[in-house]
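Computed from a predicted structure; not experimentally measured.
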Amino acid sequence: MTWVSILFIVLGALAGGFVNGLAGTGTALFALGFLLVALDPISAVAVVSLMSVVTGIQGLWIVREALTRNVPRLMRFIIPGLLGVPVGISFLSFIDADTLKLIIGVLLIVYGGFFSFRANLPKFERRTPVLDAGIGLAGGVLGGMASLSGALPVIWCSMRPWPKAETRAVLQPFNIGVLFTTTVMLWWRGAYTSTTLTAFLIALPASLIAAQIGIAVFRRISDNTFRRLLIGLSLLLGLGILIRALF
């Protein structure tokens, strides 16, 4: 592995780790562009998936109180999400994943672009357990089909006027659960070669340190600022999806 490859792996780990610490989601969006310079696509995804799971544990610790208070809410998302991953994988032979990515990318851009420039944030207050489960299931299916597990949960959670800790207590464990499932499947398919594991070990320290910086910023921002951050991430995620799909 060359020094240039190591540099891009570390840069990807810093970018992905920071956004993981700050928002609890969006790691792949910021890390993959760097890692794909140094690694083949399967290895890059394998490193990002495992890095997101390990780094994300830090984020779970800072919202542990909100997590324990809202276990039923989390279960409404994560159980259908985990069930949806193998469903999404089975759909790959029937649905064009690239077309699906374009549709989801446009949805994210429209939502993120519209609310990023509005003074008033979306405000959906009433309890919706069935819709929560549906969003979780759809996120799992999209994760299995197109590695887009976080797209719909980010939109949905940014519409809810929950405190930032409660929002993160849904998004982060949901992402960790789905990405852990992805990691296991990638391992089963032989993606974790010696090169992949070496890249992960190079990325991990930088990712953990950057996540701590992101967590420090997360502690200092308000609930509304965090919601605006998620909306902005929706816009960036949509743009990233379209760019990768079209070019």
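Listed for the R160 side chain is no donor-acceptor partner under 3.5 Å among the backbone atoms of P122. Within the 3.5 Å criterion, the main-chain N or O of L171 finds a donor-acceptor partner in the side chain of N175.
For the pairing with Q172, the side-chain contact (heavy atoms from CB on, under 4.5 Å) check across L60, T167, L67 returns one residue only, L60.
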#### Entry: Test side-chain contact (heavy atoms from CB on, under 4.5 Å) applied to V106 and V110, step by step
CA-CA 6 Å; V106 170; V110 171; 4.2 Å; yes
### Task
Run the numbers on L11 and V37 for side-chain contact (heavy atoms from CB on, under 4.5 Å), then give the verdict.
CA-CA 11 Å; L11 289 174; V37 176; over 6 Å; no
### Message
Is there a side-chain contact (heavy atoms from CB on, under 4.5 Å) between W187 and L50? Walk through the geometry before answering.
### Response
CA-CA 10 Å; W187 171 79; L50 185 55; over 6 Å; no
### Query
What's the verdict on side-chain contact (heavy atoms from CB on, under 4.5 Å) for L242 and L102, showing C-alpha distance, side-chain angles and the deciding distance?
CA-CA 6 Å; L242 284 186; L102 287 173; 3.5 Å; yes
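Among residues two or more places apart in sequence or in another chain, the ring-ring contact (aromatic ring centres under 6.0 Å, His included) test is passed with F114 by none. Among residues two or more places apart in sequence or in another chain, the side-chain contact (heavy atoms from CB on, under 4.5 Å) test is passed with A46 by L186, A191, Y192, T196.
Considering CG of L83 and CD1 of I78, their distance stands at 11.0 Å, rounded to 0.5 Å. Interatomic distance, L208 CG to L14 CG, rounded to the nearest 0.5 Å: 11.0 Å. The CD1 atom of I176 sits 10.5 Å away from atom OG1 of T25, with the distance rounded to the nearest 0.5 Å. Rounded to the nearest 0.5 angstrom, L131 CG and R76 CZ are separated by 10.5 Å. Remark: L74 CG to T68 OG1 distance equals 11.0 Å, nearest 0.5 Å. With values rounded to the nearest 0.5 angstrom, F91 atom CZ is found 11.0 Å from L142 atom CG.
Using a 30° and 60° split on the angle between ring planes, F34 and F8 fall in the tilted class, from 30° to 60°. The aromatic rings of W162 and F77 lie perpendicular to each other, with more than 60° between the two planes, well past the 30° mark.
No single ILVMFWY cluster, assembled from side-chain heavy atoms under 4.5 Å apart, contains both M51 and I42. Hydrophobic clustering (ILVMFWY, side-chain heavy atoms < 4.5 Å, transitive): I213 and V63 are in one cluster. Residue Y111 is grouped with residue F124 when hydrophobic side chains (ILVMFWY) are merged at heavy-atom distances under 4.5 angstrom, including chains of intermediate members. Hydrophobic clustering (side-chain heavy atoms under 4.5 Å, transitive across Ile, Leu, Val, Met, Phe, Trp, Tyr) groups W188 together with V48. F18 and I209 fall into different hydrophobic clusters, defined by Ile, Leu, Val, Met, Phe, Trp and Tyr side-chain heavy atoms under 4.5 Å apart, directly or through other members.
Note that R168 lies outside the cation-pi zone of F226, set by a 6.0 Å cut-off to the ring centre and a 45° limit from the axis.
Residues G16 and T27 share a closest heavy-atom pair of O-CG2, 3.6 Å. V154 and S234 get closest at one heavy-atom pair: CG1-OG, 3.4 Å. Taking each heavy atom of G139 and P153 in turn, the nearest pair found is CA-CD, 4.5 Å. Scanning both residues, P41 and L36, for their nearest heavy atoms gives CA-CD2, 3.6 Å. Between L235 and G113, the shortest heavy-atom contact is CD1-N, 3.9 Å. The minimum heavy-atom distance between I104 and A151, with the atom names listed, is CG2-CB, 3.8 Å.
Atom CD of E65 has 12 or fewer neighbouring heavy atoms from other residues, nucleotides or ligands inside a 6.0 Å radius. Within 6.0 Å of atom CD1 in I221, more than 12 heavy atoms from other residues, nucleotides or ligands are found, so the atom counts as buried in its surroundings.
With contacts defined as side-chain heavy-atom distances shorter than 4.5 Å, the pair I135/F174 does not qualify. In this structure the side chain of V19 reaches within 4.5 angstrom of the side chain of L233, judged on heavy atoms. Residues F200 and L204 have side chains in contact (heavy-atom distance under 4.5 Å, counting atoms from C-beta outward). Two residues are said to be in side-chain contact when any heavy atoms from C-beta on lie closer than 4.5 Å; F180 and L82 fail this criterion. Looking only at side-chain heavy atoms (C-beta outward), F218 and L229 stay at 4.5 Å or farther from each other. Under the 4.5 Å side-chain criterion, counting only non-hydrogen atoms from C-beta, S158 is not in contact with F115. A 4.5 Å side-chain heavy-atom check between L236 and F30 finds at least one atom pair inside the cut-off. When side chains are defined from C-beta on, N70 does not count as touching V170, because their heavy atoms never get closer than 4.5 Å.
In this structure, a donor-acceptor pair under 3.5 Å is present between the side chains of S207 and T55.
The stretch residues 218-230 participates, sequence neighbours left out, in no salt bridge (charged side-chain N to carboxylate O under 4.0 Å, His left out) pair at all.
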